[in-house]
Amino acid sequence: MAASLHHAVPKLTITTAARPESRWLSFNSVRCCAPTTTTTTTDAGAHRITVKNGNDSLDICRVLNGMWQTSGGWGRIDRDDAVEAMLRYADAGLSTFDMADHYGPAEDLYGIFINRLRRERPPEVLDRVRGLTKWVPPPVKMTGSYVRQNIDISRKRMDVSSLDMLQFHWWDYSNPGYLDALKHLNDLKEEGKIKTVALTNFDTERLQIILENGIPVVSNQVQHSLVDMRPQQKMAELCQLTGVKLITYGTVMGGLLSEKFLDTNLSIPFSAPPLNTPSLQKYKRMVDAWGGWSLFQSLLRTLNKIASKHGVSIPTVAVKYILDQPAVAGSMIGVRLGLAEHINDANAVFSLVLDKEDMNSIQEVSKKGKDLLKVIGDCGDEYRRI
């Protein structure tokens, strides 16, 4: 399986059966910090939030800049232009960047960017910048030295002594090595090489096992959008019990949730924008699994009506709806650094208030789609079904 994580174009296997090895554990068996010790706080009109578990905490911007787009497939990224764009995002208050060890030059770009910040911006700007990265190892034995070596690579590339957040992914749940890896990551956190340990694309069952093993993860990054509401089923319930938060990606579905695709018909050649990026292709698969293009157009028309009412864009409404869901700390918007910007749309999220009528209108369309928990499985299962 290619190690491209939530930014692959997974082939969805449609099934309604649970995995044979799946077992549901009682929430009452979770032996981790009580919810009162894993609360979140906001400041600056909910621009920022603190994810926390026990003594570990990190404040982040609630709208994160996703850097998968630097890995190729969205247009050539010029290094200097990309860093200049990162500076503009940070200056606008959009100061949390999400990347991974396998997103092409993403970690290196962050290292150049953070050095520019140190030289060219006042300390208060630098103090609010966060760099979240991911580690996606192959299924080898997770020794302490192996984990340390790989984390040191990211620290060097990002030019930081301590990673703000390390989000861990594991491909094969039948191999329990993920617990060994997380324990080693927690040791590195205690040494000061990582500030917070988190997960990406773990399901509810494994999240519970991790917490029961005393590993204080602060968040789980999962796919979550108006089409994919799976995290609001099993996952959100456990998160609300334990205080672990969700960071969401795919929230604007690679741009499908936008005016660009409103009133388009993909079955007629050249009548719609091409699905010419990995993210557009990936999330079109999700639309197909959820209910198809016609139902998706109904959703877009509903969002457009709400967006017009509030004087914002469709992506702004889509992100705000997910940010308002239980357990969600932040939502990702992908950035095509140096090629396109969405600073205004992203910042508009913070002032947008969706009223009861808006929420009901969205839910009325959303509930017409298929339950993707039954179609695909729990969070992250789309990367583990062949």
Side-chain angles (χ1 to χ4, degrees), residues 5-10 12 40 46 49 51 60-66 68 96 98 100 132 134 165 167 169 198-207 217-240 242-258 279-280 282-287 289-291 296 299-300 303 314-334 346 349 352 354 359 362-363 365-367 369-384:
L5 194 55
H6 60 67
H7 305 318
V9 183
L12 301 179
T40 59
I49 191 168
V51 293
I60 61 174
C61 181
R62 295 202 71 199
V63 175
L64 297 88
N65 306 312
W68 177 32
T96 298
D98 179 88
L132 285 51
K134 306 180 193 75
M165 180 184 288
Q167 301 165 104
H169 174 85
L199 307 172
T200 182
N201 287 315
F202 272 79
D203 67 6
T204 310
E205 182 180 338
R206 255 52 62 158
L207 172 59
V217 296
V218 298
S219 62
N220 185 20
Q221 186 177 135
V222 294
Q223 182 173 290
H224 195 357
S225 69
L226 287 163
V227 165
D228 187 358
M229 295 294 291
R230 287 176 297 160
Q232 290 307 313
Q233 295 176 259
K234 294 178 179 179
M235 182 66 68
E237 185 178 354
L238 179 59
C239 287
Q240 288 182 287
T242 61
V244 173
K245 293 297 175 182
L246 299 176
I247 295 175
T248 75
Y249 66 87
T251 308
V252 297
M253 304 189 70
L256 287 178
L257 284 170
S258 70
S279 52
L280 286 171
K282 169 184 177 176
Y283 293 115
K284 172 56 166 57
R285 294 175 186 263
M286 286 292 166
V287 169
W290 173 69
F296 186 69
L299 177 60
L300 284 179
L303 295 177
I314 289 176
T316 297
V317 175
V319 172
K320 179 61 174 176
Y321 184 88
I322 298 303
L323 279 180
D324 286 345
Q325 297 302 304
V328 174
S331 292
M332 198 95 55
I333 302 179
V349 171
L352 175 61
L354 297 176
M359 302 292 279
I362 293 171
Q363 290 162 8
V365 181
S366 181
K367 70 182 183 182
K370 296 176 183 176
D371 180 355
L372 291 186
L373 185 70
K374 295 178 180 178
V375 176
I376 301 170
D378 200 3
C379 299
D381 278 359
E382 60 269 34
Y383 305 102
R384 298 178 178 90

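Atom set for the values below is all heavy atoms of this structure, side chains included, hydrogens, waters and symmetry mates excluded.
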Between atom [atom1] of [X] and atom [atom2] of [Y], what is the distance when rounded to the nearest 0.5 Å?
X: Arg384; Y: Ile376; atom1: CZ; atom2: CD1; result: 13.5 Å
X: Trp290; Y: Met253; atom1: CH2; atom2: CE; result: 8.0 Å
X: Leu64; Y: Thr248; atom1: CG; atom2: OG1; result: 8.5 Å
X: Lys245; Y: Ile60; atom1: NZ; atom2: CD1; result: 11.0 Å
X: Gln221; Y: Ser331; atom1: CD; atom2: OG; result: 10.0 Å
X: Ser366; Y: Tyr321; atom1: OG; atom2: OH; result: 6.0 Å

Over all heavy atoms of both residues, which pair between [X] and [Y] is shortest? Give the atoms and the distance, please.
X: Pro231; Y: Leu246; value: CB-CD1, 3.9 Å
X: Phe202; Y: His169; value: CE1-CA, 4.0 Å
X: Tyr283; Y: Gly250; value: OH-CA, 3.2 Å
X: Asn201; Y: Gln223; value: OD1-N, 4.4 Å
X: Asn220; Y: Val244; value: N-CG1, 4.2 Å

With no hydrogens and no angle check, is any side-chain donor or acceptor of [X] less than 3.5 Å from a backbone partner on [Y]?
X: Glu237; Y: Gln233; answer: no
X: Thr242; Y: Leu238; answer: yes
X: Arg62; Y: Ala329; answer: yes
X: Asp381; Y: Asp378; answer: yes

Less than 4.5 Å apart, any side-chain heavy atom of [X] and any of [Y]?
X: Leu303; Y: Leu226; result: yes
X: Cys239; Y: Leu207; result: yes
X: Val317; Y: Ile362; result: yes
X: Glu382; Y: Met286; result: yes
X: Thr200; Y: Val222; result: no
X: Leu257; Y: Leu299; result: yes
X: Leu132; Y: Gln167; result: yes

Pairs touching residues 320-334 that satisfy salt bridge (Lys or Arg N to Asp or Glu O under 4.0 Å), sequence neighbours left out: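 Checked against salt bridge (Lys or Arg N to Asp or Glu O under 4.0 Å) - neighbours excluded - the pairs reaching residues 320-334 are Lys320-Asp324.
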
Checking side-chain hydrogen bond (donor to acceptor under 3.5 Å, both in side chains) against Asp228, which of Gln232, His224, Arg230 comes through?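 Testing Asp228 for a side-chain hydrogen bond (donor to acceptor under 3.5 Å, both in side chains) against Gln232, His224, Arg230 leaves exactly one candidate, Arg230.
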
Set of residues satisfying side chain to side chain donor-acceptor pair (under 3.5 Å) with respect to [X], sequence neighbours excluded:
X: Thr96; result: none
X: Asn65; result: none
X: Thr316; result: Ser313
X: Ser219; result: none

Got a sec, which residues hit side-chain contact (heavy atoms from CB on, under 4.5 Å) with Ala346, two or more places apart in sequence or on another chain?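 Residues passing side-chain contact (heavy atoms from CB on, under 4.5 Å) with Ala346: Val63, Leu94, Ile333, His342.
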
side-chain contact (heavy atoms from CB on, under 4.5 Å) partners of Val252, counting only residues at least two apart: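 Per chain and number, Val252 pairs via side-chain contact (heavy atoms from CB on, under 4.5 Å) with Pro315, Val319.
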
Pair Leu372, Val375 - check side chain to side chain contact (heavy atoms under 4.5 Å, CB included), show working. CA-CA 5 Å; Leu372 291 186; Val375 176; 4.1 Å; yes

Using the test salt bridge (Lys or Arg N to Asp or Glu O under 4.0 Å), find all partners of Asp371 that sit at least two apart in sequence or belong to another chain.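 Scan of Asp371 (salt bridge (Lys or Arg N to Asp or Glu O under 4.0 Å), adjacent residues dropped) gives none.
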
Results of ring pair (Phe, Tyr, Trp, His ring centres under 6.0 Å) for Phe296 - residues two or more places apart only: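 Once residues adjacent in sequence are excluded, the partners of Phe296 under the ring pair (Phe, Tyr, Trp, His ring centres under 6.0 Å) criterion are Trp293.
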
